[in-house]
**Student:** 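Encoded as structure tokens, here's the structure I'll be asking about.
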Amino acid sequence: MPFQSVAPKYVYTPLNHLKDGTVVNLYGIVKFFKPPYVSKGTDYCSVVTLVDPSNVKLTCTLFNGNLDSLPKIYKVGDIVRFHRIKIKEYNGQMQGITGVGFASLTFDGTVGAPVVPRSSSKVYTFMDEEQKTIEELRVWAASNLSISGPAAKLSGVRPMLFFDLTCQLVGKAKVDGSSFLLKVWDGTKCPYPTWKVPVEARDLEGEKVVLHQLRNLTVDVLVYDNHVQLAKSLKIGSFLRIYSIHTKQASAVDEDVSHIEFHLHGGTCYGRGIGVLPESNLDVKELKKFFLILDLESYLQRCQQLPVTVLTDHQDLNNTELKTILNSTAPQQYRIRAKLRTYKPQKLYQSIKLYCSKCNSLQEVPDGDDFDFILQGSAVTAPNPELHNTSWYDSVMWTTQDQKQRKIAIHFVKHDEMLQQPEDTLLMIEGGTLKEVWKLTKRFKCVIPVRSTEDDLELLDPSAPFLLQGNIKYYGCKQCSTPKPIKSLSSIAAEQRPSWEPTEIAQVLGIVPLQYVFIMKFTLVDATGALNVYLFDYENFFQIPASEILTNNSLQQKMQMTMNMLCPPGRKLDDLPWLECFIKSYNVRDAMTHQVYYQIFDTTVAEGVV
DNA sequence: GATTAGGCTTGG
């Protein structure tokens, strides 16, 4: 009889036909996976959830003492072929588990990509028929599944997210028993200041020259617990995908260095883990291509040269050296390119002031105690019942139960003779405490603290806010305001759709409102000299409204981070970034003195470097 | 030869 080589004919079971206690062959598209990690037993473990055109899911728990014998899955959407997988019922659901003779092939799930199997065994069958199956599954997945993994480049990271990072390992170091440091890069620059984990120089593994050269492009990833063992075994220079990295924003505002931290927390939730990518991987090829064309010297220089602030206008102007500006008469306007050597105030919340655009005066933002004191003082005057329930507001009054027997009145302003929804309502309060006023601002659109006179309600002391909206207290200028009777408000209440804009409320009440501004002094330097320049900004420069910064922690952190980008702490002048600014000079004269001042205009913080 | 894990984020 002539020798015949017959490839075994495999039968593949759709995921909706799986039965407890069987051993089957199957195809599936990866919907979720945990890259192989060291289990608590003797093997590596990988958990893989598949789906197929029957729309049934199957979670498989795969074990093997040999890393290479587990499926080489790199991303959600990959397609796998499993041979001889055991099906068991667990918690009322079918579950796949490795058994004797388990073998797998993995394919890229992209429609049109070459169909190249990644095998977990040396010998396998793969023919035209299988090729066709893969292509059909790709097409089905493309139109029936939404697979967009959380990938990101370092240039695109934001604080507080989880994402998968494809990168190259540049350095590694032990930190302590439960954590390990990986220094990685992906060729792009993280726009935020990043955390540098302190380690002993002798513990840091990696090419010294490369580590130094890439010092501003690498980020420190701290991996914990179960990931430490695998991290230790990684080879410098290898390409990695770190799954579900967490970008954490350093929380302490008063810390002088706020930054982004990269953590790979312990455990394997959400597929947290580290995978080594082979050189043949498409994403790796992409990265290597990018690294190759990257002329590192000039690239690093360019990163250094790109300004961290940019002009919003006057692009056509040429730069002027600081020395020239210092030797010129005012007023004039200039475009400059300089470095921020230092700035004041260093405590950023101190940069917030109140500004009157009518009399040009500046003042400190009063603190809560001042307001509390004024409220206490006004609570002495009892609400006048004759002023309650008018044509344009409804009133309620009660007396507190404590021994103070304080009388509180709230007047709800009506619209069209009707009360509005709380979130649209303006109310006036008499006799409330600071805490009570704050509580009301949470529920109602506007709160105006008032007190009774004989014939109308009136605003409190001019140093108290005339209006509270959301988190913001609005103040009026003492010099410029001439308060009008409260009943002037009824004209807004009668409008078709009262918007309760603070400026409009101020106007009818005869108040000239103060505006929240950032005032800072920048000391800018270039090769020719140094110049003190004022920043006076409502929100254009930082892209943060000055009015919100005092009551918003995360905005304060954002501002601190921005300042750290413009003027990174602890750097030499050479390593400071460039700022591109538009400034104008102006004269300030009085009887005795004449001085030239400089102010930043039409300049904003750049979106991100690179 | 059994065990491992059996998806579902944030502490350091």
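What you see is a predicted model; the values in this text were computed from it and never measured. Letters A, B, ... are given to chains in the order of the sequence lines, protein chains preceding strands, and every chain is numbered from 1.
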**Student:** Under 4.0 Å between a side-chain N/O of Lys248(A) and OP1 or OP2 of dG12(B), yes or no?
**Tutor:**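 Yes, because at least one side-chain N or O of Lys248(A) sits under 4.0 Å from OP1 or OP2 of dG12(B).
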
**Student:** Whole Å only: how far is the CG atom of Asp43(A) from the P atom of dG1(B)?
**Tutor:**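 In whole Å, dG1(B) P lies 16 Å from Asp43(A) CG.
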
**Student:** What is the separation between atom CG on Leu62(A) and atom P on dT3(B), rounded to the nearest whole Å?
**Tutor:**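 My rounded result for the distance is 18 Å.
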
**Student:** Nearest heavy atom decides the nucleotide; on that basis, is Tyr270(A) or Leu222(A) closer to the 5' end of DNA chain B?
**Tutor:**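 Upstream on the strand: Tyr270(A).
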
**Student:** Should Phe33(A) be counted as stacked on dG7(B), where stacking needs a ring-centre gap under 5.5 Å and an angle between planes under 30 degrees?
**Tutor:**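 Here Phe33(A) fails the 5.5 Å or the 30° condition.
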
**Student:** State which of dA5(B), dT3(B), dT9(B) makes the closest approach to the side chain of Ser244(A).
**Tutor:**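 The answer is dT9(B), which lies nearest to the side chain.
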
**Student:** Name the nucleic acid region contacted by Ser179(A), choosing base, sugar-phosphate or nothing; use a 4.0 angstrom heavy-atom cut-off, strictly under.
**Tutor:**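 Answer is nothing: Ser179(A) stays at 4.0 Å or more from every strand.
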
**Student:** Without swapping roles, check the side chain of Tyr74(A) against the backbone of Arg241(A) for a donor-acceptor pair under 3.5 Å.
**Tutor:**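 Not confirmed, Tyr74(A) side chain does not pair with Arg241(A) backbone.
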
**Student:** With a centroid cutoff of 5.5 Å and a plane-angle limit of 30°, would you call Phe63(A) stacked on dT4(B)?
**Tutor:**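 According to the criterion (under 5.5 Å, under 30°), yes, Phe63(A) stacks.
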
**Student:** Determine the interatomic distance between P on dT10(B) and the same-named atom on dG6(B); round to the nearest Å.
**Tutor:**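 Their P atoms lie roughly 15 Å apart.
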
**Student:** Under 4.0 angstrom, heavy atoms only, what part of the nucleic acid is Gly266(A) near: base, sugar-phosphate, or nothing?
**Tutor:**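 Base, at least one base heavy atom under 4.0 Å.
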
**Student:** Applying a 4.0 Å non-hydrogen cut-off, can you work out what Lys88(A) is touching in the nucleic acid: base, sugar-phosphate, or nothing?
**Tutor:**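 If one applies the 4.0 Å heavy-atom cut-off, Lys88(A) turns out to touch nothing in the nucleic acid.
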
**Student:** Would you say the side chains of Thr309(A) and Thr603(A) form a donor-acceptor pair under 3.5 Å?
**Tutor:**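 Looking only at side-chain atoms, Thr603(A) and Thr309(A) do not form any donor-acceptor pair under 3.5 Å.
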
**Student:** Round to a whole Å and report the spacing from NE2 of His227(A) to C1' of dT9(B).
**Tutor:**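 The answer, rounded to whole Å, is 10 Å.
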
**Student:** Between dT9(B), dG12(B), dA5(B), which one does the side chain of Cys269(A) approach most closely?
**Tutor:**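 Among the listed nucleotides, the one closest to the side chain of Cys269(A) is dT9(B).
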
**Student:** Closer than 4.0 Å, any side-chain N/O of Lys34(A) to the OP1 or OP2 of dG6(B)?
**Tutor:**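 Lys34(A) to dG6(B) OP1/OP2: side-chain N or O found under 4.0 Å.
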
**Student:** If you draw a 6.0 Å radius around CD in Gln131(A), do more than 12 non-hydrogen atoms from other residues or ligands fall strictly inside?
**Tutor:**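 It does: Gln131(A) CD has more than 12 such atoms within range.
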
**Student:** Using the six-membered ring wherever Trp is involved, compare the ring planes of His265(A) and His263(A) and label them parallel, tilted or perpendicular (cut-offs 30° and 60°).
**Tutor:**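 Answer is parallel, since the angle falls under 30°.
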
**Student:** What is the nucleic acid contact for Asn91(A), judged by heavy atoms within less than 4.0 Å: base, sugar-phosphate only, or nothing?
**Tutor:**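 Result for Asn91(A) = nothing.
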
**Student:** Return yes if the base of dG12(B) and the side-chain atoms of Asp176(A) contain a donor-acceptor N/O pair under 3.5 Å, otherwise no.
**Tutor:**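 Side chain to base: no pair present.
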
**Student:** Please state how far atom CG in Asn64(A) lies from atom P in dT3(B), giving the value in whole angstrom units.
**Tutor:**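 Atom-to-atom, Asn64(A) to dT3(B), this comes out as 17 Å.
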
**Student:** Taking the P atom of each, how far is dA5(B) from dG1(B), in whole Å?
**Tutor:**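 Straight-line distance between the two P atoms is 22 Å.
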
**Student:** Within the 4.0 Å heavy-atom criterion, would you say Phe180(A) contacts the bases, only the backbone, or no part of the nucleic acid?
**Tutor:**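 Counting heavy atoms under 4.0 Å across all strands, no contact is made by Phe180(A).
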
**Student:** Is it true that a side-chain atom of Arg138(A) and a backbone atom of Glu135(A) form a donor plus acceptor pair closer than 3.5 Å?
**Tutor:**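 A pair under 3.5 Å: no.
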
